[in-house]
Amino acid sequence: MIEILSPTELTRAKDTGALVADILHTLKGRSTVGTNLLDIDRWAKAMIVEAGALSCYVDYEPSFGRGPFGHYICTAVNDAVLHGRPYDYTLADGDLLTLDLAVSKAGVAADAAISFIVGDAKPPESIAMIDTTERALAAGIAAAGPGARIGDISHAIGTVLSEAGYPINTEFGGHGIGSTMHQDPHVSNTGRAGRGYKLRPGLLLALEPWIMADTAELVTDADGWTLRSATGCRTAHSEHTIAITDDGADILTLPQQMRP
């Protein structure tokens, strides 16, 4: 299903996007050396509940996961990249952590992800990976607007990723979003310009470039959810929810200090 939101629904989407962004910003600040992933999950739950919102994850049970996800946020460390199920792990200096959060409020969902290094260590290869996903995300957003097509976004993202030398996995990518978290259209992280669904004002998309340092192959963790790089290499993931408008793309999941 491809859903086009009304002006009233778009207003609610902006509120949900702001909530997701602010929760992620708060959690990033709290995620320090010695923080346990289960604490991050508890903090996320508390902020979602306090805001009168609903988690898109806790009862989520798609075909690619084993049973309900059972947690309020995805926490992926180092070689984990997608659907990271929080567990009893204490963050160490130099860990590459990705936080991925989707929340629904007033009937509209928003989805975003950030990757960052924990502590004082700044491994240059990890910093470069994070920067690449952020640049690819910015390129995808710049390519989105009325009259553009999904392939234009995919091509823009894929160009940045491939030029930086990273393999690209096409099993998982961006997606439509609205009254539910995962909708059509699928937005691959590589593609051909001028192809695919033509964008329309009122369409929400979650764009999410993600990469693994030296492979495009994923393996599923024993928890039945967490996806890791097949070689054990590090990974990175950046995501925003955007709304297509008459003028281009409006980023709904910017932290408060970055909003216009």
Side-chain angles (χ1 to χ4, degrees), residues 1-21 56 82 100-114 131-164 166 168-211 236-255 258-260:
M1 177 183 73
I2 296 179
E3 187 174 14
I4 303 299
L5 274 63
S6 69
T8 299
E9 290 169 326
L10 285 173
T11 298
R12 296 204 295 266
K14 290 182 179 181
D15 291 340
T16 308
L19 174 63
V20 168
C56 293
L82 297 174
D100 189 351
L101 179 68
V103 163
S104 178
K105 186 176 182 183
V108 184
D111 191 359
I114 54 174
D131 176 70
T132 298
T133 61
E134 291 175 347
R135 288 190 294 109
L137 179 56
I141 293 169
R149 295 183 179 274
I150 291 295
D152 297 322
I153 298 173
S154 296
H155 176 74
I157 291 172
T159 296
V160 173
L161 300 182
S162 60
E163 287 182 351
Y166 295 103
I168 302 174
N169 177 290
T170 57
E171 295 174 79
F172 296 92
H175 51 89
I177 187 169
S179 58
T180 57
M181 174 175 57
H182 284 148
Q183 300 181 356
D184 291 330
H186 173 71
V187 188
S188 176
N189 284 327
T190 188
R192 295 179 63 182
R195 299 294 185 94
Y197 179 79
K198 189 174 181 179
L199 307 185
R200 296 168 52 193
L203 174 69
L204 295 192
L205 296 172
L207 307 183
E208 48 182 317
W210 60 274
I211 51 176
H237 177 195
S238 296
E239 179 179 16
H240 274 310
T241 294
I242 64 171
I244 305 304
T245 72
D246 290 326
D247 300 318
D250 185 7
I251 305 173
L252 304 185
T253 47
L254 285 174
M258 298 178 63
R259 291 173 207 153

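Predicted, not measured: the structure shown is a model, and the values here were computed from it. If you read the sequence from its start, that first residue is 1, and numbering goes on from there.
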- Ignoring hydrogens and angles, tell me if any N or O in the side chain of S188 forms a donor-acceptor pair with the backbone of T170 under 3.5 Å. no
- From the options I114, L207, L137, select the one residue that forms a side-chain contact (heavy atoms from CB on, under 4.5 Å) with H240. L137
- Query: How many angstroms lie between OG in S154 and CZ in R195, if you round to the nearest 0.5 Å?
  - Reply: 12.5 Å
- Query: Closest heavy-atom contact between E239 and A206?
  - Reply: OE2-CB, 3.4 Å
- From CD1 (I251) to OG1 (T241), nearest 0.5 Å: 10.5 Å
- Task: Please report the shortest heavy-atom distance between G178 and L5, naming the atom on each side.
- Result: CA-CD1, 4.2 Å
- Task: Kindly give the heavy-atom pair with the smallest separation between A110 and T253, and that separation in Å.
- Result: CB-CG2, 4.2 Å
- Only one of L161, D100, N189 forms a side-chain contact (heavy atoms from CB on, under 4.5 Å) with W210, so which one is it? N189
- Separation between OG1 of T190 and CD1 of I157, rounded to the nearest 0.5 Å: 9.5 Å
- Item | L204 vs L252 side-chain heavy atoms within contact, under 4.5 Å | yes
- Message: When you compare the side chain of I150 with that of L199, does any pair of heavy atoms fall below 4.5 Å?
- Response: yes
- Query: Do L205 and V187 come within less than 4.5 Å of each other through their side chains, counting heavy atoms only?
  - Reply: yes
- Item | Spatial distance of atom CD1 (I177) from atom CG (L203) [nearest 0.5 Å] | 11.0 Å
- Task: Heavy atoms only: give me the nearest L10-A243 pair and the separation to one decimal.
- Result: CD2-CB, 4.1 Å
- Please say which of R12, K14, E3 ends up in a side-chain contact (heavy atoms from CB on, under 4.5 Å) with V108. R12
- Item | Nearest non-hydrogen partners of P255 and A21, listed with the distance | N-CB, 3.7 Å
- Message: Counting C-beta onward and ignoring hydrogens, is there a side-chain heavy-atom pair between H186 and H175 closer than 4.5 Å?
- Response: no
- Nearest heavy atoms of R200 and Y197, plus distance in Å: CD-OH, 3.4 Å
